[in-house]
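Below: the structure, in structure tokens.
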Amino acid sequence: MLAAERNAAANTLSAYRRDLEDAAAFLKSKRRDLASATPDNLRAYLGHLTDQDLAPRTQARRLSALRQFYRFLVEDGRRKDDPTASLDAPKLGRPLPKLLSEAEMEALIEICRGLDGAEGARLLAMIELLYATGLRVSELVKMPVAVMLRDQPFLTVRGKGGKERLVPLNPPAKAALAIYLDLRPRFLAKGTTSPFLFPSRGKEGHLTRQRFGQMLKEIGLKAGIDPARISPHVLRHAFATHLLDHGADLRSLQKMLGHADIATTQIYTHVQQERLKSLVETHHPLSKTGKSTRPKR
């Protein structure tokens, strides 16, 4: 149903499968079946997750998978009741996304510009493209090369659920991509072609998101950035936050990021508020002692 009716991505299907298999394994150990589980059985499972010290967000995701599963069984006529209806989701905090400053992004890009060869050109193109568009890493590594063979100010991106959106492509990204496209054949086996913008000779056929994440951490280290602070998703956050800093509106940002709900986009306004609060607490003369540290006239 998820694949056929909702056109869910492969990663989404894998995540649902893992979560349901975990619940089924626990219930089997209690001699119960997932399809016929009772509310008490599922409360015991949620208690088991708490005992394992799983993060509240992980617990909430697994409960969400169960809710979807039992809702499907009810709609399909396989159950008359939804055993998750009376279950409470764990309370979640609101973690703010990790960020890189504009100066750190510029340092990262400058290091890439100094790299030699096809691999350096590819990495620069990927970082410039990600920072210019806010693509998800899965959208980036699976980008069709055909999209780039036309000189246009916008890219058409196929995102979650097969939905298409337009994202702008700035001059630095276009320039980096032009250089990379001339060197792209070096990543192909002799006499072969590939539909992907960033091909690989591995089984995926394209550079994997895991490998790109490793490359980012390596180049981040050279730029003096803690590897723990950098990932492809952090560059997506940088795109969104820096756009807001320079006056972009939330609705436009929502469309460029491909968020179905603007509430997801609003997290970046919280980032701005936290940064402003930190700025005041760090630099305002009354923030630490309650007394002015300015010299008397």
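These numbers come from the heavy atoms of this one structure, side chains and all, not from hydrogens, waters or symmetry mates.
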Less than 3.5 Å apart, any donor N or O on the side chain of [X] or [Y] sitting next to an acceptor on the other?
X      : Y      : value
Arg43  : Ser86  : yes
Arg209 : Gln214 : no
Arg62  : Gln59  : no
Asp40  : Thr38  : no
Asp22  : Tyr45  : yes

Under the 3.5 angstrom rule, does the side chain of [X] hit a backbone N or O of [Y] as a donor-acceptor pair?
X      : Y      : answer
Asp33  : Ala35  : yes
Arg32  : Ser36  : yes
Arg158 : Lys163 : no
Arg18  : Leu13  : no
Thr208 : Glu204 : no
Tyr180 : Leu197 : yes
Thr241 : His237 : yes
Thr133 : Leu129 : yes

- Go through the steps for Asn11 and Ser14 under the test side chain to side chain donor-acceptor pair (under 3.5 Å), then give the verdict. CA-CA 5 Å; Asn11 290 338; Ser14 295; 5.4 Å; no
Just so I know, are the side chains of [X] and [Y] near enough to count as touching, which here means a heavy-atom distance under 4.5 Å?
X      : Y      : result
Leu216 : Leu235 : yes
Leu155 : Met143 : yes
Arg6   : Met1   : yes
Leu130 : Phe239 : no
Glu106 : Ser101 : no

- Task: Determine whether the aromatic ring centres of His242 and His246 lie less than 6.0 Å apart.
- Result: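 No, the ring centres sit 6.0 Å or more apart.
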- Query: Is the ring centre of Phe198 less than 6.0 Å from the ring centre of Phe187?
  - Reply: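 Ring centroids of Phe198 and Phe187 are no less than 6.0 Å from each other.
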- Measure the spacing between CZ of Arg79 and CZ of Phe69 and express it to the nearest 0.5 Å.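 Result: 8.5 Å between the selected atoms.
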- Task: For Asp226, look at atom CG and say whether over 12 heavy atoms of other residues, nucleotides or ligands are found less than 6.0 Å away.
- Result: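 Yes - once you tally the heavy atoms of other residues, nucleotides and ligands closer than 6.0 Å, there are more than 12.
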- Has Arg61 got more than 12 heavy atoms of other residues, nucleotides or ligands less than 6.0 Å from its CZ?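 Enclosed: over 12 neighbouring heavy atoms sit under 6.0 Å from CZ of Arg61.
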- Quick one: do Arg165 and Gln254 satisfy side chain to side chain donor-acceptor pair (under 3.5 Å)? Show the steps, please. CA-CA 11 Å; Arg165 68 184 191 276; Gln254 176 194 6; over 6 Å; no
